[in-house]
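This report concerns only the one structure given below.
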Amino acid sequence: MADRTQYPQQVQVHPSTRYEGGMATLLPSKGPSTSQILAVVTLVPVGGILLGLAGLTLLGTIVGLAVATPVFLLFSPVLVPAAITVALAVTGFLTSGAFGLTGLSSLSWIVNYFKQGRTTMEQLDYTKRRIQERAAEAAAQVGQKTKEAGQAIQSKAQETKESART
């Protein structure tokens, strides 16, 4: 039977990070980059405008419903104005929600950009280093297995040669 070499288990140690909390985790330690400044300058006004539009649309929808409700009650037998009123109310609420969600998601994107932006290059370098290390380990293991297989073939050939002589 062939000898099976057992390799020791590998243990990975990850340094623990300390929670510093508060606004310090949102702000980069070395100052904002040009792309971060451009993102803030661009997206904060856009988010603010969209949130303002959401508020105005909601206010207009509520005023429209307040005005249209008595009209709806007076002309309830007429279905066309009722359908139009309901359609406008639903459209107003949906538009208000869409503006609100778009504004909040753009502000949320800014916060996530600041949180993750400073570590992206570090993560890429770490991943690249890990892939290179794994490739080197795999190449070494393949080389070792090839060497062992070659030695096994040589020993079998030696045994065959010796048995043929006797």
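This one's a predicted model, so the numbers in the text were calculated from it and none came from an experiment.
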**Request:** Please identify each residue that fulfils side chain to side chain donor-acceptor pair (under 3.5 Å) with S35, with sequence neighbours left out.
**Result:**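 Side chain to side chain donor-acceptor pair (under 3.5 Å) check on S35 returns S33, Y113.
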**Complete:** Separation between NZ (K161) and CD (Q154), nearest 0.5 Å, reads 10.5 Å
**Message:** So, taking the atom named CG in L43 and the one named OG in S105, what distance separates them when rounded to the nearest 0.5 Å?
**Reply:**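 Interatomic distance, L43 CG to S105 OG, rounded to 0.5 Å: 9.5 Å.
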Which donor-acceptor pairs under 3.5 Å do the side chains of residues 87-98 make with protein atoms, sequence neighbours left out?
| residue | atom | partner | partner atom | Å |
| --- | --- | --- | --- | --- |
| T91 | OG1 | A87 | O | 2.7 |
| T95 | OG1 | T91 | O | 2.7 |
| S96 | OG | A54 | O | 3.2 |

Connected via hydrophobic side-chain network under 4.5 Å: [X] and [Y]:
X	Y	result
W109	L107	yes
V46	L53	yes
L56	L51	no
V86	V67	no

**Prompt:** Is it true that a side-chain atom of T42 and a backbone atom of A39 form a donor plus acceptor pair closer than 3.5 Å?
**Reply:**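 Not confirmed, T42 side chain does not pair with A39 backbone.
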**Asked** Any chance the side chains of Q144 and E148 put a donor and an acceptor closer than 3.5 Å?
**Response** yes
**Asked** At their closest point, which heavy atom of T85 faces which heavy atom of A68, and how far apart are they?
**Response**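 Shortest heavy-atom separation between T85 and A68 comes out as CG2-CB, 3.6 Å.
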**Message:** Quick check: do K156 and E159 have side-chain heavy atoms less than 4.5 Å from each other?
**Reply:**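 Yes, close enough: below the 4.5 Å cut-off.
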**Request:** Check each of L58, L59, L65 against I62 using the side-chain contact (heavy atoms from CB on, under 4.5 Å) test, and report the only one that passes.
**Result:**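 It is L58, the one option of L58, L59, L65 that forms the side-chain contact (heavy atoms from CB on, under 4.5 Å) with I62.
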